[in-house]
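The structure under discussion appears below in the form of structure tokens.
Letters A, B, ... mirror the listed sequences (proteins, then strands); counts begin at 1.
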Number of protein chains: 2
Amino acid sequence: MWPLSPSHTGLQRMDYQLDTLEHDNLGSTVYQLLCNDLLQGRLQPGARLKIRELAEQLGTSVTPVRDAILRLVQEQALAMQSPRDIRVPHMTVERYLEIRAIRIRLEGLAAETAANKAEPAAIARLEDIVQRNAVAMAAQDIALGCALNQQFHFALVDIAGLPFLHGILYRIWLQMGPLIAAVYQQGGSAMLDYHYPVLQAMRQRDGAAAALAIGDDILSGGQAILLHLQARQRAG
Amino acid sequence: MWPLSPSHTGLQRMDYQLDTLEHDNLGSTVYQLLCNDLLQGRLQPGARLKIRELAEQLGTSVTPVRDAILRLVQEQALAMQSPRDIRVPHMTVERYLEIRAIRIRLEGLAAETAANKAEPAAIARLEDIVQRNAVAMAAQDIALGCALNQQFHFALVDIAGLPFLHGILYRIWLQMGPLIAAVYQQGGSAMLDYHYPVLQAMRQRDGAAAALAIGDDILSGGQAILLHLQARQRAG
DNA sequence: GCAGCAAATATGATGCATCATAATTTGATG
DNA sequence: CATCAAATTATGATGCATCATATTTGCTGC
């Protein structure tokens with residue numbers, strides 16, 4: 001890891017602007033780092049995080065790290081198993097099924113809204129993501145495939161113009177990140193196939209079809225995840 | 001206000017147990033207090049919060065208050081308009097419409113699931129809330145009416161057995177709290193009427209009807225809120 | 001050698017000193 | 001009296017000392 005800021009207490013000014021004028025203090029920066037670690041599978045389920053250790057690695061004091069970890073604990077992307085034991089939580093089958101039902105409703109809303117207002121540029125953007133995903137799959141680049149899969153889903157939300165929904169879904173994905181990475185790093189990944197019907201519905205500006213297609217993606221594409229969870233739960 | 005704990009650094013042990021073994025540090029306690037202030041309209045849109053001031057009122061140091069406020073800023077129940085200016089944000093029409101669409105999907109899921117598994121005890125619980133709400137309305141107790149309205153909606157989620165959804169909806173309601181309180185304190189409140197069809201669908205274990213009914217509640221019952229927002233937006 | 005207790009260590013929680021900077025006040029100047 | 005700049009104040013951000021306690025280690029006595 002690298003120190004966040006060479007100067008004593010200077011803030012790291014980021015080049016991109018967040019939706020809601022997020023004032024980038026150190027805590028938010030650490031939060032973003034940890035989010036990426038979660039989404040890209042660098043933090044695996046069961047992994048323990050220590051505030052002091054992270055602070056040292058990042059070259060900050062404990063305060064910003066504590067801020068970031070508390071945020072992630074709040075939204076249950078991390079869990080405090082005991083008062084001094086902060087870990088990446090394991091997903092349960094029940095929780096996954098609940099999240100799946102929620103995602104079908106919310107991402108269905110996003111897909112429907114996006115399809116109803118799909119402009120050519122938006123379609124092109126989705127096609128680009130899908131095509132790059134196909135390349136990644138052909139090259140067996142699983143990490144890139146996962147990232148592009150995620151990009152596809154969030155592109156729908158952005159095209160729909162629903163920033164509030166984006167936040168909700170981001171927090172949901174934050175909890176699935178370690179799981180998805182764990183599943184796909186050890187096995188098959190057929191997540192791309194189900195994106196083509198979505199694309200087709202978008203081209204036809206058929207909101208209902210798009211919602212159905214994204215629901216099928218979540219159900220069928222996530223089948224491997226469900227099987228993995230059920231196997232793990234049986235094993236103990 | 002009152003000091004959170006008489007002893008020096010003693011934690012306030014709460015009698016109820018939160019869902020996910022939330023370890024009640026001072027920050028979480030302050031967070032709960034601020035949430036209640038938001039949901040019950042004691043913090044109105046535009047109100048400014050100062051960390052030191054709150055810390056003094058609560059009898060703690062700034063750290064737990066900062067933790068709590070940062071949590072609320074993260075989930076956009078508070079907004080940092082400038083780096084030193086933390087306020088209860090004003091709702092916009094666009095944001096409200098987006099939230100409304102999301103609520104219809106999510107609370108529809110809750111109502112549907114709840115109706116499909118509605119046991120007599122669950123029905124009785126809902127009837128009790130509605131009946132107490134009717135009493136409150138007759139007595140023109142608007143604050144109690146709002147609280148019971150909220151209880152009704154969250155009771156559906158609890159009956160459905162969807163704890164994860166509960167968290168998502170709680171954060172959404174946190175953002176609507178100041179708005180709802182502001183609207184209903186200055187005008188009509190016809191929010192109870194639309195609960196009876198929900199109750200009827202629950203009794204018949206008709207999930208689809210329950211989802212439609214709660215959607216109608218959100219749309220029609222929230223009409224006053226939308227009109228209020230549109231009027232305020234025109235005014236400037 | 002092992003049970004059990006004590007010391008040391010680890011770690012999150014809390015309080016607080018200090019910093020940087022934005023807002024406000026004040027006072028000199030014209 | 002108006003204006004503008006310097007000083008003061010206010011306030012969130014950061015770093016860090018200290019606390020409480022859970023965990024680990026290690027020593028003692030049997």
Item to complete: For A:Leu78 and C:dG12, give me the distance from atom CG to atom C1', rounded to whole Å.
Response: 14 Å
Worksheet entry | N/O donor-acceptor pair, side chain A:Arg52 with base C:dG12, under 3.5 angstrom | yes
Worksheet entry | Residues which pass side chain to side chain contact (heavy atoms under 4.5 Å, CB included) with B:Pro178, listed by chain and number, not counting sequence neighbours | B:Leu38, B:Pro45, B:Val88
Worksheet item: Between atom CD in B:Gln81 and atom P in C:dT21, what is the gap in whole Å?
Response: 21 Å
Worksheet entry | Proximity to the side chain of B:Leu26 - top-ranked nucleotide from D:dT14, D:dA13, C:dT14 | C:dT14
Worksheet item: side-chain hydrogen bond (donor to acceptor under 3.5 Å, both in side chains) with B:Arg132: which residues, sequence neighbours excluded?
Response: B:Asp128
Worksheet item: Quick one: A:Met80 CE to D:dA22 P, roughly how many Å, whole number?
Response: 13 Å
Discussion item. If you count every heavy atom of other residues, nucleotides or ligands that lies below 6.0 Å from A:Glu56 atom CD, does the total exceed 12?
Written reply: no
Practice prompt. Using only heavy-atom distances, decide whether a donor-acceptor pair under 3.5 angstrom links the side-chain of A:Arg84 to the base of D:dT23.
Written response: no
Response to the item:
Those residues at least two apart in sequence (or on a different chain) that pass ring-ring contact (aromatic ring centres under 6.0 Å, His included) with A:Phe152 are A:His195
Discussion item. A side-chain contact here means heavy atoms from C-beta on lying under 4.5 Å apart; do B:Ile172 and A:Ile168 qualify?
Written reply: yes
Worksheet item: Could you give the CD1-to-P distance, from B:Ile86 to D:dA10, as a whole number of Å?
Response: 17 Å
Practice prompt. Ignoring backbone atoms, test whether A:Arg66 places a side-chain nitrogen or oxygen under 4.0 Å from the OP1 or OP2 oxygen of C:dA13.
Written response: yes
Worksheet item: Can you check whether B:Thr63 has a side-chain N or O nearer than 4.0 Å to OP1 or OP2 of C:dT14?
Response: no
Worksheet, complete the sentence: Per-helix bend value, the helix from C:dG1-D:dC30 to C:dG30-D:dC1, C1' rotation axes over five pairs per end, 10° rounding, shows 30°
Practice prompt. Would you mind reading off the distance between B:Ile51 atom CD1 and C:dT14 atom P, rounded to a whole angstrom?
Written response: 15 Å
Worksheet item: Could you give all pairs that pass the side-chain hydrogen bond (donor to acceptor under 3.5 Å, both in side chains) test and reach residues 168-183 of chain A, with sequence neighbours left out?
Response: A:Arg95-A:Gln175, A:Glu107-A:Trp173
Item to complete: If a pair satisfies salt bridge (charged side-chain N to carboxylate O under 4.0 Å, His left out) and one of its residues is in residues 140-166 of chain A, list it, with sequence neighbours excluded.
Response: A:Arg125-A:Asp158
Practice prompt. Quick one: label A:Leu49 by what it contacts on the DNA or RNA (base, sugar-phosphate, nothing), any heavy atom closer than 4.0 Å.
Written response: sugar-phosphate
Practice prompt. Measure the distance from CG on B:Asp67 to P on C:dG12 and round it to the nearest whole Å.
Written response: 14 Å
Fill in: Protein-nucleotide distance (B:Asp85, atom CG; C:dA23, atom P), rounded to Å
8 Å
Worksheet item: Which residue, B:Val62 or B:Lys50, contacts DNA chain D at a nucleotide closer to its 5' end, judged by nearest heavy atom?
Response: B:Lys50
Discussion item. From CD of A:Glu53 over to C1' of C:dT9, roughly how many Å is that when rounded to an integer?
Written reply: 15 Å
